[in-house]
There are 2 protein chains.
Amino acid sequence: MSSAPDNHAMNCLIRKLESIAPLSDRSRQAIESLPVRIHKLDARRDIVRDGDKPTHCCLIIDGWACRYKLLSQGKRQILSFHIPGDIPDLQSLHTHTMDHSLGTMTEATVAFIPHENLRELTARHPGLAAIFWRDTLIDAGIFRAWLVSMGRRSAFEHVAHLFCELYLKLQAVGLAGNYRCPLPITQADLADALGLTPVHINRVLQEMRGKTLITLRSSTLVIEAWSELLRVSEFDPTYLHLEKRATG
Amino acid sequence: MSSAPDNHAMNCLIRKLESIAPLSDRSRQAIESLPVRIHKLDARRDIVRDGDKPTHCCLIIDGWACRYKLLSQGKRQILSFHIPGDIPDLQSLHTHTMDHSLGTMTEATVAFIPHENLRELTARHPGLAAIFWRDTLIDAGIFRAWLVSMGRRSAFEHVAHLFCELYLKLQAVGLAGNYRCPLPITQADLADALGLTPVHINRVLQEMRGKTLITLRSSTLVIEAWSELLRVSEFDPTYLHLEKRATG
DNA sequence: CGACACATTGACCAGACTCAAAGCTAGTGG
DNA sequence: CCACTAGCTTTGAGTCTGGTCAATGTGTCG
């Protein structure tokens, strides 16, 4: 826990924002001067809970997080995955009660930024406000893409689509390349994200391996046939609205 | 088609915005002075298409619209339903390419508002900018709720959850009450929204009628057992972030 | 070496899909 | 005012994708 301004934390955010929009020097400086409180968290810990009324937003600096919702009978739906640079609860700035939870998937370092400072930042820098708004809009676009996968794609296509998305999002912030990216989550997590069971995920993964589409071992995903993966999942990267398109 | 300022159009928007946030007189006046071009559209017409780069936003004044995405093999996923007061493509203000289509479900009256005027409005009125941002955030919350339903609810529960949501959204803008609301869509539309087939939707609806949960005839939904409907779908209205909670 | 979490397998089951055929019902035109 | 139509709803029978339950492998870490 620290309260000194932290360059790494804000560089992380700046890199992410630059992946979705150009950033002026003035905006960059304004971000760098945001006060943050850095926390290190274990894997599988809640950051904010369903029903909370948070007073800070949470910037992921290292590790993975996810939004999720719990239902009766222990059912869990993961709503999104988050990687360094993301602010997964940015929406709490304008919707005061959390309608889902946010938790870590791995050990993670997160920075808490008070709402008041973000409000002041967006008031003083309308350009930044627009970029943050844009970020939440892209988020919404990802939810829509997940809806399409859930509703109208087979389990196989759905998994393929998710892998394309994760690879591109990681690549956009410099955390993946060469068709190789970290995937530090269990098959049960994958199942909860895709609305399937762990058993079925396991079978789909084996089918993907059998077709030499991917390799997945020790939390690393290697995409062996990128264009085939795009094709089977009908993947179109438009919805990620990335600034630098390096879609392979 | 007209270009005179239209009171009904903007009252519609004002009522919607008031359903999610308090509105100052100054904001109200600013909205009333937005220029609009009113169009009347037939049912099942596209308003904006996947891939378009729109220069206007579209305010629904009368009738229903939906966002949807088409896949190969004629598969369609409906992503959201929109009712009078909604601006379903507000996101186009900050993401320039449409990643899905927007079309009417019924005959509809829509107002087109140029992006430039909306940009100017949000620049001059940060309070309104915040409300529009909030609106898109609530939209995202609805996508998340749909994800939960798709991933972890049975067809029966999913239908029940959607009916609760639609009823409350309509009620919030004065278009429903007394457990009765318009539902001017076919079972095939419902199927495309819920990721099911029309045949299965039909069977689920019959089961709901059998349990006296609902009546659905001539495009009118009557909820016969509100609390039971809430219970079976584990419905929690928090995610709608409505200003006046009249959740029965 | 044990323990624990995670991955894999097999056998069986069920919710939702497919295909195809009838029924309705609200408009339309004669 | 009735017959016709087109689009929607309903029904039945058979299928299949993905679920369930339970056991067995396979790391990895202390």
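Throughout, a chain's letter reflects where its sequence line sits, starting with A, and its residues are numbered from 1. Only heavy atoms go into these numbers, but all of them, side chains included; no hydrogens, no water, no symmetry mates.
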* Report yes if a side-chain nitrogen or oxygen of B:N202 is closer than 4.0 Å to either non-bridging phosphate oxygen (OP1 or OP2) of D:dT10; otherwise report no. => yes
* Test side chain to side chain contact (heavy atoms under 4.5 Å, CB included) applied to A:D189 - qualifying residues, sequence neighbours left out -> A:R44, A:R76, A:I78, A:M105, A:I185, A:T186
* Minimum heavy-atom distance between B:C164 and B:F235, given as atom pair plus value -> CB-CD1, 3.4 Å
* Relative orientation of the end axes in the helix from C:dC1-D:dG30 to C:dG30-D:dC1, expressed as an angle to the nearest 10° (five pairs per end) -> 40°
* To do: List in chain and number order the residues that pass ring-ring contact (aromatic ring centres under 6.0 Å, His included) with A:F112, two or more places apart in sequence or in another chain; answer none if no residue qualifies.
  => A:H39
* Could you walk me through whether A:R49 and A:D52 pass salt bridge (charged side-chain N to carboxylate O under 4.0 Å, His left out), step by step? => CA-CA 5 Å; A:R49 285 207 182 79; A:D52 282 358; 5.6 Å; no
* Asked: Under the salt bridge (charged side-chain N to carboxylate O under 4.0 Å, His left out) test, which residues partner A:K75, sequence neighbours left out?
  -> none
Side chains of residues 65-72 of chain B: which donor-acceptor pairs under 3.5 Å do they make with residues two or more places apart or in other chains?
residue	atom	partner	partner atom	Å
B:R67	NE	B:P88	O	3.0
B:R67	NE	B:H100	NE2	3.4
B:R67	NH1	B:D139	OD2	2.4
B:R67	NH2	B:P88	O	2.6
B:R67	NH2	B:Q91	OE1	2.9
B:R67	NH2	B:D139	OD2	3.4
B:Y68	OH	B:D46	OD1	2.4
B:Y68	OH	B:D46	OD2	3.2
B:K69	NZ	B:D50	OD2	3.1
B:K69	NZ	B:D99	O	3.1
B:S72	OG	A:E234	OE2	2.6

* Structure fact -> With a 4.0 Å cut-off (strictly under) to non-hydrogen atoms of chain A, the first and last hit nts on DNA chain C, 5' to 3', are C:dC6 to C:dA11
* **Test applied, side chain to side chain contact (heavy atoms under 4.5 Å, CB included); reference residue, A:T215; option that passes from A:E224, A:M208, A:R209** => A:E224
* Structure fact -> Contact check, residues 181-191 of chain B vs DNA chain D, heavy-atom distance under 4.0 Å, returns B:T186, B:Q187
Can you give me every donor-acceptor pair (side chain of residues 155-163 of chain B, partner residue at least two apart or in another chain, under 3.5 Å) with its distance?
residue	atom	partner	partner atom	Å
B:E157	OE1	B:S154	N	2.9
B:E157	OE1	B:S154	OG	3.4
B:H161	NE2	B:R153	NH2	3.2

* Structure fact -> Expected string for nucleotides 12-30 of chain D under the B/S/- scheme (protein heavy atoms, under 4.0 Å, primed atoms plus P, OP1, OP2 as sugar-phosphate) is BB----BBBB---------
* To do: Check side chain to side chain contact (heavy atoms under 4.5 Å, CB included) between A:C181 and all other residues, then give those that pass, not counting sequence neighbours.
  => A:Y167, A:L170, A:A176, A:L221
* Residues in side chain to side chain contact (heavy atoms under 4.5 Å, CB included) with A:T109, at least two apart? -> A:I38, A:K40, A:I61, A:D62
* Structure fact -> Hits for side chain to side chain contact (heavy atoms under 4.5 Å, CB included) against A:R180, two or more places apart or cross-chain, chain-then-number order -> A:T220, A:V222
